[in-house]
Each structure stands twice: as structure tokens, then as C-alpha cells.
Amino acid sequence: MEGRQAVRELLIAGTRRVKDIWLAEDVEPAPILDDILELAAEGRVAVKRVSRTQLEHAARSDAPQGILAHAQPLQDVDLDRLAETRNGRRPFLIAIDGITDPGNLGALLRTAECAGATGVVLPRHRAAHVTPTVAKAAAGAVEHLPMALVGGMPSALARLKELGVWTVGLDGAGDTSVFDLEVATEPLALVLGAEGKGLSRLVRERCDVLAAIPLRGALGSLNVSAAAAVACYEVAKRRPPA
């Protein structure tokens, strides 16, 4: 895990063991670093002061912000579990169909968590997964969003239907506006397509509803993470707070 906010949320969540934290010797003091050091002390996590060169050589993202943590891998969960109503919260899932840009995926996960999504469905193949770059862009959201890895998105959507979850594909050609989404309060999976090409044909065919974001300017589309933000918060505003 790399980046200040990502490391901080890793320690706050406490859902996986943290081996140690590396902190660059020349890093400037900051309140968030004080928080991290305090959380590390409470959790008995070793903090190692290393040279900037050593830290950046070990980092896998472009700008680790002078800090990284070594932790156990994230554990994926079963798709059926994501479809369960827990503590009175109906499932609000984000299913991601082939997004390959790590920055987009990280920004999307951050938005989804802030909007109250209860889980994420990711394909195992031909898509970005949770790398240090994604985790940094997600700013800690990966610690709070259960994720299921599935072999194929079309079959996963079919299974969600069997479990009573509505599947809503975000598609520019959709015949329903996201602002008029009648199933927004139901158990729901918002399905987001890849950059450029959008939803694949099979995924589009498996969705119960195809919803579009009305565009009123000259441009014909939104970036996928921006489109996700609009759709997630349109769903969120119709659902009771957690």
C-alpha cells in the first residue's frame, strides 16, 4: 500500500495484518503522518525510516508520497455474499466490465465507497485489478469495499438476478435516464463499461435496465469515473442513509 491516505485507512480498517511501514527519512512533517504514526503505535506496527531512494525503488506507483506499507493481500469474497442484505442495508453493488486504466478504477472505487456502495464485482481477466497504483488512487476505499472476483461478468450478472439483485447498465444509448431510475431503492448492481467502448454486448444483454446520463453540452460522453460518480450519487440520494 502506498500513499498517505491509503496507508492511514489500512491502519484504521484493521482488516488485514500490516507487517511494517516504511517512511522516507526526509519526509516533511504533516498531520496525516502524525495520525499514521499514532495508529501504527496503537497497532504495534513497526515503522522503518529509510532513504527516499530506497523507498521509491521499492514503490510500485509513481508518487508514494514518502510512505508505503507491507500488508497481507486483500481477500476477495463470494459473489453470493455481496448480494445479501446486511444490517438492514440492501446491496448496492458496482460491477466493472473491463476497465483497464488504474487511475480510473481507483477513482471509481473511491467514489463508490463514498456514495455508500456495499461491494464491487471485478472480472478476473482483461481488466485492471487492485494494484498499489489503484489502491493509492482509491485513497483507502479498498479497505472498506468487499470485492468479488468473477470468471465472467455476464454469468455473474445472471447469478445476481437469481439472487434478487437488479442489474443496471450505464450506457449512453440506454432508454432510461439515471435521474428516473425506478429500481434505485432496490437491491441493485450498477454495471460500468470499459473506457471508450463501454459495456460489452453480452453484458449489455444481461442487464435488466440500460440507463443513460443526459448530456446537455457539445461533448458526447463522460470519462468512466466521472460517469460513475453521477450514477452512484443518483442512486445514493434515493436510498436511506446507512
Side-chain angles (χ1 to χ4, degrees), residues 9 13 15 74-99 104-123 127-130 134-135 137-150 153-171 174 176-194 198-199 203-204 206-213 222 224-242:
E9 291 299 327
T15 54
L74 285 167
Q75 298 297 310
D76 59 301
V77 302
D78 186 75
L79 181 65
D80 287 23
R81 181 184 168 197
L82 290 188
E84 297 174 356
T85 295
R86 292 178 174 271
N87 300 319
R89 296 179 68 192
R90 291 178 170 180
F92 171 21
L93 308 179
I94 308 299
I96 299 173
D97 180 28
I99 291 176
N104 277 337
L105 179 57
L108 193 159
L109 294 176
R110 183 175 186 175
T111 294
E113 201 286 324
C114 288
T118 60
V120 175
V121 184
L122 287 168
H129 289 163
V130 180
V134 170
V142 298
E143 305 302 329
H144 305 286
L145 277 174
M147 299 187 197
L149 290 178
V150 298
M153 191 58 70
S155 59
L157 297 183
R159 177 58 181 160
L160 287 174
K161 289 185 187 183
E162 293 174 357
L163 296 170
V165 177
W166 286 84
T167 54
V168 178
L170 199 61
D171 189 286
T176 299
S177 167
V178 292
F179 304 141
D180 301 316
L181 200 56
E182 295 182 359
V183 298
T185 59
E186 301 296 324
L188 179 146
L190 186 63
V191 189
L192 303 167
L199 300 173
V203 166
R204 187 182 292 108
R206 292 289 173 88
C207 290
D208 296 311
V209 179
L210 292 177
I213 297 173
L222 290 169
V224 64
S225 61
V230 173
C232 282
Y233 273 95
E234 186 59 31
V235 171
K237 80 176 187 180
R238 295 167 180 256
R239 300 170 80 88

Handout entry: Spacing of CG belonging to Leu170 relative to CD1 belonging to Ile213, to within rounding of 0.5 Å
Key = 4.5 Å
Exercise for the section: Look only at the side chain of Asp208 and the backbone of Thr167, and say whether a donor-acceptor pair between them is shorter than 3.5 Å. Expected result: yes
Practice task
Take Val168 and Thr176, measure what side chain to side chain contact (heavy atoms under 4.5 Å, CB included) needs, and give me the verdict at the end.
Solution key: CA-CA 10 Å; Val168 178; Thr176 299; over 6 Å; no
Fill in the blank from the handout: Heavy atoms of Glu234 and Val178 approach each other most closely as CG-O, 3.0 Å
Exercise for the section: Could you tell me whether the side chain of Val150 reaches within less than 4.5 Å of the side chain of Ser155, counting heavy atoms only? Expected result: no
Problem - Leu145 and Ile94, any side-chain heavy atoms less than 4.5 Å apart - result: no
Exercise for the section: State, yes or no, whether a side-chain contact exists between Glu143 and Leu74 at a heavy-atom distance under 4.5 Å. Expected result: yes
Problem - Considering all heavy atoms, the nearest Pro187-Gly164 contact - result: CB-O, 3.7 Å
Completion exercise
Tightest non-hydrogen contact, residues Cys232 and Ala115, listed as CB-CB, 3.8 Å
Problem - Exam field: side chain Arg159 to backbone Asp80, donor-acceptor pair closer than 3.5 Å - result: no
Fill in the blank from the handout: In this structure, CD of Gln75 is separated from CG of Leu149 (nearest 0.5 Å) by 10.5 Å
Exercise for the section: Determine yes or no for a side-chain-to-main-chain donor-acceptor pair under 3.5 angstrom, with Arg239 supplying the side chain and Glu186 the backbone. Expected result: yes
Problem - Minimum heavy-atom distance between Gly193 and Ile99, given as atom pair plus value - result: O-CG1, 3.5 Å
Problem - Rounded distance (nearest 0.5 Å) linking atom CD of Glu113 with atom CD of Glu9 - result: 8.0 Å
Exercise for the section: Would you check if the side chain of Arg204 reaches a backbone N or O of Leu199 as a donor-acceptor pair within less than 3.5 Å? Expected result: yes
Fill in the blank from the handout: Rounding to 0.5 Å, atoms CG (Leu160) and CG (Leu79) come to a distance of 4.5 Å
Exercise for the section: Mark yes when over 12 heavy atoms from residues, nucleotides or ligands other than Glu162 sit less than 6.0 Å from its CD; otherwise mark no. Expected result: yes
Problem - Close side-chain approach of His129 to Val134, heavy-atom, < 4.5 Å - result: no
Practice task
Examine distances only and state if a side-chain atom of Thr118 and a backbone atom of Phe92 form a donor-acceptor pair shorter than 3.5 Å.
Solution key: yes
Problem - Minimum heavy-atom distance Met153-Pro123, with the two atoms named - result: CE-CD, 3.8 Å
Exercise for the section: Rounded to the nearest 0.5 Å, what's the gap from CG on Leu109 to NE2 on His144? Could you check? Expected result: 12.5 Å
Exercise for the section: Verify, without hydrogens or angle tests, whether Arg89 (side chain) and Gly116 (backbone) share a donor-acceptor contact under 3.5 angstrom. Expected result: yes
Exercise for the section: Indicate the atoms forming the closest heavy-atom contact of Glu84 with Pro91, along with that distance. Expected result: O-CD, 3.9 Å
Problem - Between CD1 on residue Ile96 and CG on residue Leu192, distance to nearest 0.5 Å - result: 6.5 Å
